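Contents: one structure, followed by commentary.
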Amino acid sequence: MQKPRIYNTLTRSVEVFEPLNPPEVKMYVCGPTVQDLAHLGHAKTYIFFDILYRYLTHLGYRVRYVRNITDVGHLREDTQVDRIVAGAERERLAPMELVDKYMFSFFSDMDRLNIKRPTVQPRATMHIVDMWEAISRLIEKGHAYVVDGNVYFDVSSYERYGQLSGIRREELIKHRVEPAPEKRNPADFALWKRAESGYLLKWSSPWGEGFPGWHIECSIMSIKHLGEQLDIHGGGQDLIFPHHENEIAQSECMTGKRPFVKYWVHVGYLTVRGERMSKSLGNFVSIKDALARYTANDIRLFILSSHYRAPLDYSEDVMEQFVEVRERVEGSYARVLETRAEGGAAGEAGLEFSHQVDSILEGIKASLNDDFNTPRASAHLMELVKTVNARLDSARRPTEGDLEKAQQAFATVFEILGLRQPELSGEGERLYLVIERLLRLREEFRREGNFRVADMIREALREVGVQVEDTSSGPRFRLLR
RNA sequence: GCCCGGGUGGCCGAGUGGCUAGGCGGCGGCCUGCAGAGCCGCUUUACAGGGGUUCGAAUCCCCUCCCGGGCUCCA
């Protein structure tokens, strides 16, 4: 079996993927801070890791996939206020009410995008005690120090600091924001912050009441749920520095084991008119808004269309292109199912057709093995569509074997890429029966040559989103979105 | 300022030295009562600009222009 190759941010090169302990794969992906609605930028990252998860599973790896929920400890730079606390004030909710609201909203978004649920989805607030045990260990080992109820990581105690981001140590002395004066070094970062009286989200600790720093949670949760060394750790490119850099420092100092993570994987930004989609720029589209307009498959095909490390520019014009793509892909698959339901000619799959389909599937695997080149994989998917359509259209009726081959190929590709299979009779059998009766009636008019009435029926159905198409084997219809 | 990525045909986007990316859109053909869908063909001597290396460069080197990102807020 050809092994996949993947780009490792740590080495800045594409490497052959060899997990530490095959066939087991330990994968950790940084989840969202649940303070607000998730947007399409989040979707790009999590859809990519979903494909990574699906593909490695398809190859036979046993993947343990952990994606956390950050529900505390993520400080805003300007105010030094926890983002959850800030969000709670904004919406006049208790902090944990806000967390519940957006955590469940996020889960729902992920399900609707057909993103598989990770093995474990731990929450930071469920690991407070684990965090301070780890912080205590770092203090004992001389990697952290306490000042007035705050605990900081001592960056100078870890000589490899900067390895992931490539930031040089002398650069770190500079700073944009006035650093907390009690820090020994401006680059030191908080492991535990003291909470002022009246602060809503706080826990008691060996250093007084407070709350954890943002970076420590991912070290703790990944080690707790996956062990001291991971195969894959990923997230958006924005997390390379400081979040992941700090995670490496903490984790390796804590466990004494190196490397903490074998492959660091980072996903490029979703942009709008060239600029990064973000809350602060106000150019974001929430996943819910996007799903009100487009299907999950539209969105997934769009995201698949560029390489995961490259930026991808969002616009409605481009989305419309992918609506067309999706209709073509789903249409081809639906025709296979329909033709199969009607019954194909007896016989095995044709040799040539069979070879064509197999080589397309090989092409998809080869593309994914090559640093998860999903644009090339989707080009192969279009090839499958074309090949299958041509077979369905040909004068020689497709055999049962052909149809089964085509259906299996689509099912495999859909599963790996996480595309939802179109359903032939989804919402309500009765709707379908009504449409069929109408079409039967229309056939009668057509036979009589009464095309005026036949076209009226077709147009009326079109107005309510039912596209009627006449084919040599009778009329078919599909529901438009 | 320092450090990373980028600039590919009307549009989106693969491609790291020779071999058709793919899609969307447009045009034409086949099919069809018409439409739609599908298939075939064309649009495609595209690679920011200028030098250089090479038998050969979108791909390697140098310079210039432009864009985005990171430098302790972000997936």
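Chain letters run A, B, ... following the sequence lines, proteins first and then strands; every chain starts at 1. Keep in mind that this is a model prediction, so the values were computed, not measured.
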Say you pick atom P in C12(B) and the same atom in A48(B); how far apart are they, in whole Å? 14 Å
G13(B) to A58(B) separation - C1' atoms, rounded to the nearest Å: 14 Å
I want to verify a distance call: between A14(B), C4(B), C73(B), whose nearest atom is closest to the Arg12(A) side chain? C4(B)
Look at the side chain of Arg442(A) and decide which nucleotide, out of C73(B), G33(B), G13(B), has an atom nearest to it. G33(B)
State whether a side-chain donor-acceptor pair under 3.5 Å links Gln250(A) with Ser219(A). yes
Which of these passes side-chain contact (heavy atoms from CB on, under 4.5 Å) with Leu419(A): Thr295(A), Leu381(A), Val413(A), Asn114(A)? Leu381(A)
Students often get this wrong, so: under 4.0 angstrom with heavy atoms, is Gly331(A) touching a base, only sugar-phosphate, or nothing? nothing
Between Phe451(A) and Phe445(A), is the ring centre distance below 6.0 Å? no
Would you call Arg397(A) and Asp402(A) a salt bridge, using N to O less than 4.0 angstrom? no
Does either side chain, that of Tyr333(A) or that of Gln421(A), offer a donor lying less than 3.5 Å from an acceptor on the other one? yes
Strand partner of C24(B), provided both Watson-Crick or wobble distances fall under 3.5 Å: G10(B)
Among residues 448-463 of chain A, which contact RNA chain B at a heavy-atom distance under 4.0 Å? Phe451(A), Asp455(A), Arg458(A)
Look at the side chain of Arg376(A) and decide which nucleotide, out of A14(B), G68(B), A75(B), has an atom nearest to it. A14(B)
Describe the nucleic acid contact of Leu381(A) in one word from base, sugar-phosphate, nothing, applying a heavy-atom distance below 4.0 Å. nothing
C1' atoms of G9(B) and C47(B), separation to the nearest Å: 9 Å
Whether Asn373(A) contacts G15(B) is assessed here as follows: a side-chain N or O lying under 4.0 Å from the phosphate OP1 or OP2. Is that the case? yes
Worked check of ring-ring contact (aromatic ring centres under 6.0 Å, His included) between His215(A) and Phe189(A): CA-CA 9 Å; His215(A) 315 298; Phe189(A) 55 90; 5.6 Å; yes
Would you mind telling me which of A75(B), A14(B), G69(B) lies closest to the side-chain atoms of Ser306(A)? A14(B)
Could you check whether Gly274(A) gets within reach of a base, just the sugar-phosphate, or nothing at all, counting any heavy atom under 4.0 Å? sugar-phosphate
Would you tell me whether His244(A) and His266(A) have side-chain atoms, one donor and one acceptor, within less than 3.5 Å of each other? yes
Enumerate the protein-to-nucleotides 9-11 of chain B contacts in which both atoms are nitrogen or oxygen and the separation is below 3.5 Å.
residue, atom, partner, partner atom, Å
C11(B), O2, Gln321(A), NE2, 3.2

Going 5' to 3' through nucleotides 36-43 of chain B and flagging B where a protein heavy-atom sits under 4.0 Å of the base, S where only the sugar-phosphate is that close, and - otherwise, we get BSSSS---
Of Arg446(A) and Ser165(A), whose nearest nucleotide on RNA chain B comes first from the 5' end? Ser165(A)
Using a heavy-atom cut-off of under 4.0 Å over every strand shown, decide if Ala310(A) touches base, sugar-phosphate, or nothing. sugar-phosphate
With both distances under 3.5 angstrom, what nucleotide forms a Watson-Crick or G-U wobble pair with A48(B)? U64(B)
Report the distance from atom CD1 of Ile240(A) to atom C1' of C3(B), rounded to the nearest whole Å. 12 Å
Pair Phe106(A) and Tyr46(A), ring centroids less than 6.0 Å apart: yes
Of the options G22(B), A75(B), G69(B), whose atoms approach the side-chain atoms of Ala379(A) most closely? G22(B)
Would you call the rings of Phe372(A) and Tyr308(A) parallel, tilted or perpendicular, taking 30° and 60° as the class edges? perpendicular
Taking a pair as Watson-Crick or G-U wobble with both distances under 3.5 Å, which nucleotide is matched to G1(B)? C71(B)
Within this structure, what is the CZ-to-C1' distance between Arg276(A) and G5(B), rounded to whole angstrom? 14 Å
Rounded interatomic separation in angstrom, taking NE2 from His307(A) and C1' from A21(B): 16 Å
By the definition side-chain contact (heavy atoms from CB on, under 4.5 Å), identify the one residue from Ile416(A), Leu56(A), Leu52(A), Asn373(A) that meets it with Leu368(A). Ile416(A)
For Asn185(A) and Tyr152(A), test the side chains for any donor-to-acceptor distance below 3.5 angstrom and give the result as yes or no. no
Polar contact flag, side-chain donor to acceptor under 3.5 angstrom, Arg478(A)-Gln467(A): no
Paired with G18(B) by Watson-Crick or G-U wobble geometry, both distances under 3.5 Å: which nucleotide is it? C55(B)
Spacing of the C1' atoms in G50(B) and G7(B) (rounded, Å): 16 Å
Do you see a donor-acceptor pair shorter than 3.5 Å between the side chains of Asn150(A) and Glu182(A)? yes
5' priority, RNA chain B, between Phe302(A) and Val325(A) [closest heavy atom]: Phe302(A)
Side chain to side chain donor-acceptor pair (under 3.5 Å) assessment of Asn283(A) paired with Glu275(A): CA-CA 9 Å; Asn283(A) 60 353; Glu275(A) 283 184 316; 4.9 Å; no
Among A75(B), U72(B), G13(B), the one nearest any side-chain atom of His74(A) is A75(B)
Sugar-phosphate only, base, or nothing, as touched by His266(A) at under 4.0 Å among non-hydrogen atoms: nothing
Inter-nucleotide P distance (C73(B), G38(B)), Å rounded: 50 Å
